[in-house]
Amino acid sequence: MNRSELISRFLIVTGILLSVGAPLFLWARTPLIHARMAEDGGWNPDIIQAEVGKPLHLKITSDDVVHGFAVGQMEMQSVDVLPGKVTDITLNFDKPGIYTFFCTRWCGLNHWRMRGTIEVSGSSSDPEPASSLLYVSLDLDLDAPHDAPVVPNGKPSATNGQLLETNLPIDLSAEYYRSHSPYQVFNELSATTLTESQRWDVVAYLWQTNTTSTSLVNGNQLYAQNCAACHGENGAGDGVFADDLAAAGESSMQTMEGAMDMVMQSPVNFTDPRRMLGASPALLQGKILRGGMGTGMPMWGSIFTEEQIWDLVAYIYSFQFEY
Amino acid sequence: MAKIELTRIPFIKNALKSRYPQLAVFIVMLIGYIFAILAGLIGTPVGSHNFSIVFVWIAWWAILILVAVPFFGRGWCAVCPIPLPGEWLQRGAVLSPPDKRPKWLNLRVPKMFRNIWLQNISFLLLALFSSVLLTTPNITGVVLATMLFAAIRLSTVFERRAFCRYLCPVGGFIGLYSQTAPIELRIKDKQVCVTCEGKPCYNGSQAGYGCPWDVFPGGLTKNTYCGLCMECIRTCPHDNIAVNLRPFSADLAKPSTRMDEAFKAFIMLGSAMIYAGILLGPWGILKDAAYNVGTDAWFTYVAAFLAIIFVALPGLFTVGILHTKNTLPLKQRFASLSTALIPLGLMFWVAFSLSFVLTNASYILTALSDPLGLGWNLFGTANATWQPMLTSMLAPAQTLALVGGLIWSARTAQKAAGEVKVSPIPVIVYCFIATCLMLWLLL
Ligand code: SF4
Ligand code: SF4
Ligand code: SF4
């Protein structure tokens, strides 16, 4: 075989090996987290290991539509994950535990099922005191009906309530507010000389004093990102996925978890006074934390911090009251 | 118009006669092709960010249909990597002269397959699945790999480039439209060939291989089946091969009489129109049907596609030319007159591809820097934003292409009609109606 033949064969073989080997090698060294709509598998991988005090570098890409990435119970801005693009993110954990990461974009009907966990090992210098949850200590039955038997004619006004409140014997403390439903407070005011609508105004005032504008803003943001897809921008239970949820019913539950005796329900309408005025903040906290067993409502306990849940609760009441 | 012999220019002549320039391009192409297969298989499933989709279906397609075919005919086949591994294997060498005894089966392709019907079918297969093929990197990777392995397999069973001649889905239409190109490879002097001993251009010699495309250069009258592999330039001991610059569509003056080629013209014309309707038209149902492969709607779409291409278009054409009474059999008139559809179809594809390519061209930059969608930024262009290019020029350019195509095909029709001695009017009317339809679809 002459030299030129040898050289060309060598070049061709090297070229082929390179064109196969190089991309394979580089590909194998770039571990990506793939995001897909829950129906197509959700996050992959969905369990990530990390260690306290060691920065965790993640590369995330989407295989279909725009998703978002955030880790629950952590101070972090959610980041967008664009199709075909890679988003780099670095996380730092200072407490061990199991964290939940989740999608923050309404990617599809089963958007809220797009969750995964980060298992953070190691020890922490600052162990978190276990705080017992209010709905647990109050022993509330989250699934019992709690409708208010009486509702106001219009939206109660906190401004009017403030004028009436001054010489009334009501407790403005956070404990009282959190453990009572608006209707219970309204009921306790029946001993006074106030008219019904005035009593509702006082209730609105009590709710307002337990709500700061920052918490409303935070609550609003959390709501828009996480709840509005189903419950609707304006709380009316008419989010973009609401109809689909109701229609998808059982089948959509089955695709994810196998056959189950569950039926999806239409999302709750937060503008319905009967429902909302009969619910105490503690009850709502419980529902958000635990999720609506068997309905489409996910559990948010692993995602929101306690403060975030109170912010959300405060925001949800703002559909009922004129602050 | 006279021809200009390009091989008279020493630089061109030497570049073609030497094997090395072509080999260098071959190696680069082969690396790119294999990389595209791999990118399709392991890269991001998001088509618009995967090298395989962006470089094959946007970049390569743009170059092929807008530049290579119209100006260089089979120029793409001169550098195409697909048949190479098979060919090298078949010869047992990259450059060295072949052994006297063939290494493999070296069979001749059976007579019944020695036409372009298989190519028509393979093209249609890809065309019917094009919506998923063009958007799913996995599938593109598999199809590219299949073509490579089919070419290798055929090379070890049959002689010469059986894949290119009879099976390649792109080769078929490149061949059809290469007749319009202003480039040709021909012999210089017939007399020299007549007396030439051994015909090394066809049979091979120590200087090189016999024509891989199974054509005898001495008999070339059209570009369709010459793959511009340049072997005959290297083997002809009498320096009797020339590459010429010539007027556009010179080959069409002598119309073909083959049905497989005639139908190829209808297939290409029809698919350009159907694609324009699906991809650029406002009909959502049509898009859905084409994209949801395997559903009832898709089967309906397939049936409609085939009916348009094999029944409606040729049927109307036949009805049109029925009245052109003369002694030649209808079949022959049909085949000859369909020659007029060749420039028309080419310009349809040019016009259609313009919008398709200009809208998507900006993905090329992104895919260049991050070919697998792994977050790389090789050339700093990974984050180029998507934007359609030259939008203001699009409609005028398309109109120009379509109207130009109509005039071109009308002239071709005149010549073809002259050959079979009938009136060209029905064919011109047919082309006119098709052009109006295409204008309406595109604009
Ligand atoms: S016929 Fe097909 S495979 Fe052969 S060289 Fe041309 S494009 Fe490539
Ligand atoms: S080798 Fe040259 S001269 Fe001989 S037949 Fe072929 S083209 Fe003609
Ligand atoms: S050997 Fe010559 S005639 Fe045959 S394909 Fe190559 S260039 Fe064309």
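Sequence lines set the chain letters: A, B, ... in the order given, protein chains first and strands last, and positions in each chain run from 1.
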Which answer fits B:Ile42, side chain, backbone, both or neither, if we ask what part of it has an atom under 4.5 Å from a heavy atom of chain A?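 Its backbone and side chain both get close to chain A.
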Quick one: what part of B:Tyr33 sits under 4.5 Å from any heavy atom of chain A, side chain, backbone, both or neither? neither
Supply the atom-to-atom distance [X] [atom1] to [Y] [atom2], rounded to the nearest 0.5 angstrom.
X: A:Thr61; Y: B:Asp370; atom1: OG1; atom2: CG; value: 8.5 Å
X: B:Leu23; Y: A:Ile12; atom1: CG; atom2: CD1; value: 5.5 Å
X: B:Ile37; Y: A:Ser19; atom1: CD1; atom2: OG; value: 9.0 Å

Atom of [X], atom of [Y] and distance for their closest heavy-atom approach:
X: A:Ser8; Y: B:Val94; result: CB-CG1, 4.1 Å
X: A:Asn2; Y: B:Ser96; result: OD1-OG, 4.2 Å
X: A:Glu5; Y: B:Leu95; result: OE1-N, 2.6 Å
X: A:Ser62; Y: B:Thr44; result: O-OG1, 4.5 Å
X: A:Leu32; Y: B:Gly373; result: CD1-O, 3.8 Å
X: B:Leu38; Y: A:Val20; result: CD2-O, 3.2 Å

With side chains defined as the heavy atoms from C-beta onward, is the minimum distance between B:Thr366 and A:Lys85 less than 4.5 Å?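 Of all side-chain heavy-atom pairs linking A:Lys85 with B:Thr366, at least one is under 4.5 Å.
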Find the one option among B:Ser48, B:Gly47, B:Ala39, B:Ala93 whose heavy-atom pairs under 4.5 Å with chain A are most numerous.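 Heavy-atom pair counts peak at B:Ala93.
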Residues A:Ile16, B:Ile31; criterion side chain to side chain contact (heavy atoms under 4.5 Å, CB included); working and verdict: CA-CA 6 Å; A:Ile16 293 178; B:Ile31 290 177; over 6 Å; no
Under the side chain to side chain contact (heavy atoms under 4.5 Å, CB included) rule, what do A:Leu26 and B:Trp376 come out as? Steps first, then yes or no, please. CA-CA 10 Å; A:Leu26 293 168; B:Trp376 305 348; 3.4 Å; yes
Which portion of A:Leu24 sits near chain B, non-hydrogen atoms under 4.5 angstrom: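 Both parts, backbone and side chain.
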Can you tell which part of A:Thr87 gets under 4.5 Å to a heavy atom of chain B, answering side chain, backbone, both or neither? neither
Around atom CG of B:Leu378, are there more than 12 heavy atoms of other residues, nucleotides or ligands at under 6.0 Å?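 Above 12, so yes.
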Within 6.0 angstrom of A:Asp88 CG, more than 12 heavy atoms from elsewhere: yes
